[in-house]
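Accompanying notes for the structure given below.
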Amino acid sequence: MARPTPEKLRLEFSKSVAHLQQGRYATAEKHLIRLGRWLPDSVAVWNNLGVCHQCRNNHVKAVPAFTRSLSIDAGQTDSWAGLGISHKELGQFDKAEQAARKALELDSGHARSLNLLGTIQAERKETAAARESFGKCLVAAPTDPISRINLALLEYHDGKADRARELIADMDAGPVPERRKFRILTAYLMISDGRFREAELLVDELERTTPEDEEILRLGIALSEAMVDHFGVILRCQRLLRRLPGDAGIWNTIANAYFQLQAVQEAGRCYEKAMSLEPDSAGYRSNLGLACAALGDRNLAESHYRRSLELNPDHTEAYRHLCALKRFSSADDPDARSVIDLWESDDLSDNARIDCAFALGKIYDDCGLYDQAFEICSIGNALRFRMSHVDLEAFFMHLDRIPETFYTAPYKTALKQPNICPVFIVGMPRSGTTLVEQILSRHSRVHGCGELTGIENAIRRLERDADPMRVYPDDFWDIDRDALEAEGRHYVSSLTRLHDIRKPFLTDKMPFNFTHVWLIRALFPDSPVIHCRRHPLDVILSNFFQLYESDISFVYDLQALSRYYVRYHRLMAHWKQVFPDGIHDVRYESLVGDVEEHARQLIAATGLEWEDRCLDPDASDTAVRTVSIWQVRREVYTSSRERWRNYADRLGVVVEILSEAGILDRNGNWLEQ
C-alpha cells in the first residue's frame with residue numbers, strides 16, 4: 001500500500017484523537033496502530049496509542065507504546081507519567097516510581113506524575129510522603145479532581161473521615177475515572193456514618209460494573225466488616241486472594257472473619273499464613289495467640305503473645321490478651337509493671353491507651369484495688385465511647401418499636417424445618433451465655449457454634465430482597481412461608497459450609513438475638529430459646545470492664561448501658577407474655593451455685609436426654625472466642641457473684657435508672673419477677 005500523503009496522515013491522526021476523546025477506544029486503537037507503521041518516529045502517535053491501550057485496560061501493550069515514544073524523545077513528561085501508570089497497574093511499583101520521578105525531574109509540578117507518586121506511596125503505607133505528593137499536585141492543578149479524591153481516600157484510611165469530607169464537599173462525580181473513585185470514597189464515608197443500606201446499594205452497583213477490581217473488592221470487604229457480615233468478608237477475601245495470594249493483610253482479614261464465625265482452626269491456619277508472609281508483624285502473631293487461646297492452648301497462646309511483644313514492646317493489644325490469661329495478685333508483677341509503664345507514657349495513641357486501660361483495669365481488679373480499677377476503666381470506656389459512630393437514640397427507638405410491632409406471636413411460621421435444630425441462647429452479654437453453651441455442647445447430640453450473625457443476616461436479606469424494600473420490624477408480618485423456610489435453610493447451610501456438623505442440634509449464643517425472638521419463632525418454631533439471667537449490676541459492671549471487637553457503643557457508658565438494660569428487661573418480659581411456654585430461664589447465680597441441678601433442667605428444656613458428660617469441662621471441644629475464654633475452661637467458680645458490691649459507690653447512676661424501671665430497689669437489690 002502506498003504511503004498516504006502528509007495531509008491524509010494529519011487527517012488520520014485527527015480522527016484517531018477524536019475517537020480517543022469520545023471514548024471509542026477500539027476504533028482509535030486501529031487508527032493509531034496503522035499510523036505507527038506509517039509514522040514510526042512520531043512521539044504523538046506512540047504516546048496516544050499508549051493512552052488508548054490504558055483506556056482499554058491493556059497495560060501490557062501500553063508499556064511498549066510509551067517506551068517507544070520515550071525512545072524517540074526522552075523528554076516527554078506525559079509519556080513518562082503514562083509509562084509509570086501502566087507499570088503501577090501491572091504491580092511493578094519500583095518501575096512505576098522510577099518513571100514518575102523521571103517525569104518530575106523534567107517538570108517538578110507535573111500533576112499526573114505527582115498524583116502517581118502519591119498513589120504509590122499510599123500503597124506502601126508511606127502516608128506522610130503520599131500526603132505531600134497529593135498536596136503538591138493540588139497546588140500545581142487546583143481543580144484536578146482525581147488528586148483531590150486520592151488525597152481524600154488517603155485521609156479516610158488514615159482515620160480522618162471529616163477531612164476527607166471537606167476535600168470532596170464541593171465536588172461532583174466528574175468524568176469516568178474520577179466518578180469511580182468518587183463513588184468509592186462516597187461509599188467509604190457512608191460506611192463511616194453507619195449508612196449501611198445506602199453503602200450496600202452503591203457497592204453492589206460498583207461490583208456489577210467491575211466485579212474483580214481490587215479497590216472495589218477492598219471496599220466490599222470494609223462494608224462486610226462494618227455490617228458484621230463475616231461470610232461476605234470471606235467471599236470477597238477469597239476473590240481478592242486469587243489475585244493477591246501474597247497479601248498478608250488479606251489473610252489476616254479472612255482469618256478474623258473465620259474466627260468470628262467460630263471456625264477457629266481455619267482462622268489459625270490463615271493467621272499462620274499471614275505471619276509466614278510478614279514474620280515480623282506483632283499484630284499477626286498476637287492474633288494467632290488469640291486463636292490458640294480459643295482452642296484452649298494456654299501455653300502456646302502465651303508464647304505467641306510474648307513473641308509479639310518481643311517484636312513490638314509497645315503492642316498494647318498483646319498485653320491486653322496476655323493479661324486475660326492470668327490472675328494477678330500484685331501490681332508489681334512484671335507484666336503488670338510493663339502495662340503500667342506504657343500507661344504512664346505520653347505518646348500512646350487513643351487505641352493503645354484504650355487497650356492499656358482495659359488491661360490495667362483487669363490487673364487492679366484482680367489485686368483488689370477497686371478504686372484504681374474503676375478509674376482506669378472509666379478513662380478507657382470514655383475514649384472508646386467517643387470513637388463510636390452509632391446513633392444511640394435511633395438505636396433505642398428501634399428497640400422500642402420491636403415490642404410495639406410484634407405484639408402477638410407470628411401467624412405464619414416456617415413449616416418445613418432444616419435437619420439441624422438451632423438452640424438459641426440469648427440474654428445480656430456477660431450473663432452466662434458462654435457457660436450455658438459449654439454445658440450444652442458437651443452433649444453428644446449438640447454442636448457448639450458460638451456467637452452467630454445468622455439472624456441479623458436473615459433480616460438484612462429479607463429487607464433487601466423484597467420489592468419494595470422491607471423495613472424491620474414494621475414490614476415483617478406478611479412474609480410468606482416460602483421465604484421463611486428459605487431463610488431457615490440458608491441459616492443452617494451457611495454453617496455447614498464452615499463446620500462439619502454431624503449432630504442434630506447446634507447452638508447459637510449470640511446474646512443480642514433476644515431482640516429477635518419473634519423472628520426466631522417464625523423461622524424456627526420448634527427451636528429451644530434459652531434466656532440467661534444474671535444480677536443486673538454484675539452484668540453491667542462486667543460489660544463496663546470489657547473491650548469488645550464490634551462497635552456496641554452502649555457498653556462504654558454507664559448511663560447508656562443502663563438504658564439499654566432497661567429495654568432488654570422490658571423486651572424479655574414482653575416475649576414471655578407472647579410466648580409463655582417457649583423460653584427457658586437460666587439464672588447465672590443459681591447455675592454456678594448448683595451446676596448439676598440446673599444443668600439437668602437446661603438439658604431437659606432443650607429436649608435432650610441427660611448425659612453425665614455435660615458436667616465435664618474436658619468433654620467439650622467447642623472453641624471459646626469470647627472474653628470468657630479462661631473462665632469456662634476450668635471448674636465453675638462463684639467468685640464473680642455480687643462482684644458489683646466492690647464498686648457499689650460508683651454505680652449510683654445505674655441504680656437510679658434501674659430502680660426507676662422497677663428492676664432494682666434503691667440499695668441495688670434485684671427485684672426478681
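Every value quoted in this text rests on a predicted model; they were computed, and no experiment measured them.
Between Phe554 and the choices Tyr564, Tyr568, Phe396, the ring-ring contact (aromatic ring centres under 6.0 Å, His included) rule is met once, by Tyr564. Looking at Phe358, Phe374, Tyr556 one by one, the single match for ring-ring contact (aromatic ring centres under 6.0 Å, His included) with Phe544 turns out to be Phe374.
Side-chain contact between Ile402 and Trp575: present, with at least one pair of heavy atoms (C-beta onward) separated by less than 4.5 Å. The shortest side-chain heavy-atom distance between Asp355 and Leu547 falls under the 4.5 Å cut-off. Side chains of Ile191 and Leu219 form a contact here, defined as non-hydrogen atoms less than 4.5 Å apart. No side-chain heavy atom of Pro410 sits less than 4.5 Å from a side-chain heavy atom of Phe476. Side chains of Cys421 and Asp526 form no contact here, defined as non-hydrogen atoms less than 4.5 Å apart. Two residues are said to be in side-chain contact when any heavy atoms from C-beta on lie closer than 4.5 Å; Ile439 and Leu591 meet this criterion. Contact of the Trp518 side chain with the Thr405 side chain is not registered, since no non-hydrogen atoms from C-beta on lie closer than 4.5 Å.
Counting only distance, with no hydrogens or angles, the side chain of Gln417 and the backbone of Leu523 share a donor-acceptor pair below 3.5 Å. Although no hydrogens or angles enter the test, the distance criterion places no donor-acceptor pair under 3.5 Å between the side chain of Asn669 and the main chain of Asp665. With hydrogens and angles disregarded, a donor-acceptor distance shorter than 3.5 Å links the side chain of Thr496 to the backbone of Ser493. Between the side chain of Arg430 and the main chain of Asp538, no donor-acceptor pair closer than 3.5 Å is present. Under the 3.5 Å distance criterion, the side-chain polar atoms of Arg470 are matched with a main-chain donor or acceptor of Leu462. One N or O on the side chain of Glu485 and one on the backbone of Leu415 form a donor-acceptor pair closer than 3.5 Å. Of the possible donor and acceptor atoms, one in the side chain of Thr507 sits under 3.5 Å from a partner among the backbone N and O of Cys449. Without hydrogens or angle criteria, His535 side chain to Glu589 main chain gives no donor-acceptor distance under 3.5 Å.
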Could you tabulate the donor-acceptor pairs under 3.5 Å formed by side-chain atoms of residues 599-608, not counting sequence neighbours?
residue: Arg600; atom: NE; partner: Glu596; partner atom: OE2; Å: 3.1
residue: Arg600; atom: NH2; partner: Glu596; partner atom: OE2; Å: 3.2
residue: Thr606; atom: OG1; partner: Leu602; partner atom: O; Å: 2.9

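Using a 4.0 Å cut-off between a side-chain N of Lys or Arg and a carboxylate O of Asp or Glu, Glu200 and Arg460 do not qualify as a salt bridge. Taking 4.0 Å as the cut-off between side-chain N and carboxylate O, Arg650 and Glu375 do not count as a salt-bridged pair. Using a cut-off of 4.0 Å between Lys/Arg side-chain N and Asp/Glu carboxylate O, Arg442 and Asp616 are scored as not salt-bridged. Look at Arg401 and Glu404 and you find no salt bridge, because none of the NZ, NE, NH1 or NH2 atoms lies under 4.0 Å from a carboxylate O.
A donor and an acceptor atom, one from each side chain of Asn457 and Tyr491, are nowhere located under 3.5 Å apart. Side-chain N/O atoms of Glu456 and His516 include a donor and acceptor closer than 3.5 Å.
Atom OH of Tyr472 and atom OG1 of Thr515 lie 5.5 Å apart (nearest 0.5 Å). Atom NE2 of His584 is separated from atom CD1 of Ile425 by 11.0 Å, given to the nearest 0.5 angstrom. The distance from atom NZ of Lys509 to atom CG of Leu452, rounded to the nearest 0.5 Å, is 9.5 Å. Within the model, atoms CG of Asp229 and OG of Ser224 stand 4.5 Å from one another, a figure rounded to the nearest 0.5 Å. Once rounded to the nearest 0.5 Å, the distance linking OG of Ser562 with CD1 of Ile657 reads 4.5 Å.
More than 12 heavy-atom neighbours from other residues, nucleotides or ligands sit within 6.0 angstrom of NZ on Lys412.
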Begin with the C-alpha distance, continue with both residues' side-chain angles, and end with the deciding distance and a verdict on side-chain contact (heavy atoms from CB on, under 4.5 Å) for Met387 and Asn351.
CA-CA 10 Å; Met387 290 181 175; Asn351 283 325; 3.3 Å; yes
Residue pair Asp557, Asn381: steps toward the side-chain contact (heavy atoms from CB on, under 4.5 Å) verdict:
CA-CA 7 Å; Asp557 179 85; Asn381 275 289; over 6 Å; no
Would you please test Asp400 and Arg567 for salt bridge (Lys or Arg N to Asp or Glu O under 4.0 Å) and show each step?
CA-CA 7 Å; Asp400 291 338; Arg567 285 165 171 81; 3.1 Å; yes
Can you check side-chain contact (heavy atoms from CB on, under 4.5 Å) on Arg587 and Trp670, steps first, answer last?
CA-CA 12 Å; Arg587 181 177 169 182; Trp670 192 6; 3.5 Å; yes
Working note: Tyr411 + Trp477, criterion ring-ring contact (aromatic ring centres under 6.0 Å, His included); need CA distance, chi angles, decisive distance, verdict.
CA-CA 8 Å; Tyr411 58 83; Trp477 273 101; 5.6 Å; yes
Might you work through the side-chain contact (heavy atoms from CB on, under 4.5 Å) test for Asp365 and Tyr370, ending with a clear yes or no?
CA-CA 6 Å; Asp365 182 74; Tyr370 302 123; 3.8 Å; yes
